[in-house]
Amino acid sequence: MLLAYEMNGRPLPPDHGFPVRVVVPGWIGISSIKWVGPVEVSATALFSPWNTRFYRMFGPGYPDDGGLLTTQAVKSAFELPWDARIPAGVSVLLRGRSWSGNGPVRQVEISTDDRDDWRPADLVPDDEGGPWQRWTALWRPPGPGRWTLRARATDSTGAGQPELARHNTLGYMFDGIVRHPVTVG
Ligand SMILES: Nc1nc2c(c(=O)[nH]1)N[C@H]1C(S)=C(S)[C@@H](COP(=O)(O)O)O[C@H]1N2
Ligand SMILES: [Mo]
């Protein structure tokens, strides 16, 4: 856990917690409390609506008082608008990012049609071992029309992304494989 006074060498902007905020690497955003006042250390757990009701995992398969939210899940996204238009007849360099709260991303695979044509993406070397992993993959669309792009990552603990995220009522920890539609032509 860090107490951060600066971001990118400058004082924190007010929206991001000036004069000082907590940063808990890898944990969900609510752990990183902004605008920190006096800090008290407690030998016993403290309870508030934030950690008993608003930020817990509720729903089928979770305890009645909710499951804990700690580290972030594995996620991947293409650096493309939803429903992006892609030219036909040429190869395009697809770009995206994956990240995980457990540790570095070790592998990313992409699929460009609805069959399971998974193949490895190229990891950007500068990012390897870091909190984000950028990646690229060349794609020559087979023809004009609607196509679905998918990306899935595996992190250093072996955690990956399921086809469908497991439901919880507040919608936290989404780790499913996103079906990203694009139009070619
Ligand atoms: N004091 C305070 N800190 C807070 C919050 C808040 O409502 N109040 N929101 C939390 C949540 S839910 C998130 S996701 C992050 C967002 O931080 P950012 O605005 O710097 O991205 O701040 C966290 N810290
Ligand atoms: Mo949040």
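Start at 1 and go down the list; that is how both ligands and their atoms are numbered. Residue indices begin at 1 and follow the sequence shown.
- Side-chain N/O atoms of D117 and T112 include a donor and acceptor closer than 3.5 Å.
- Residues W139 and S91 bring no donor and acceptor atom of their side chains to less than 3.5 Å of each other.
- Residues R146 and T183 bring a donor and an acceptor atom of their side chains to less than 3.5 Å of each other.
- The 4.0 Å heavy-atom shell around ligand 1 contains residues H16, R21, G29, I30, S32, I33, K34, W35, Y55, ordered by chain and number.
- Distance alone, capped at 3.5 Å, is enough to place a donor-acceptor pair between the N51 side chain and the S48 backbone.
- Between the R134 side chain and the L123 main chain, no donor and acceptor come within less than 3.5 Å of each other.
- With 3.5 Å as the limit, one finds a donor-acceptor pair spanning the side chains of Q161 and S76.
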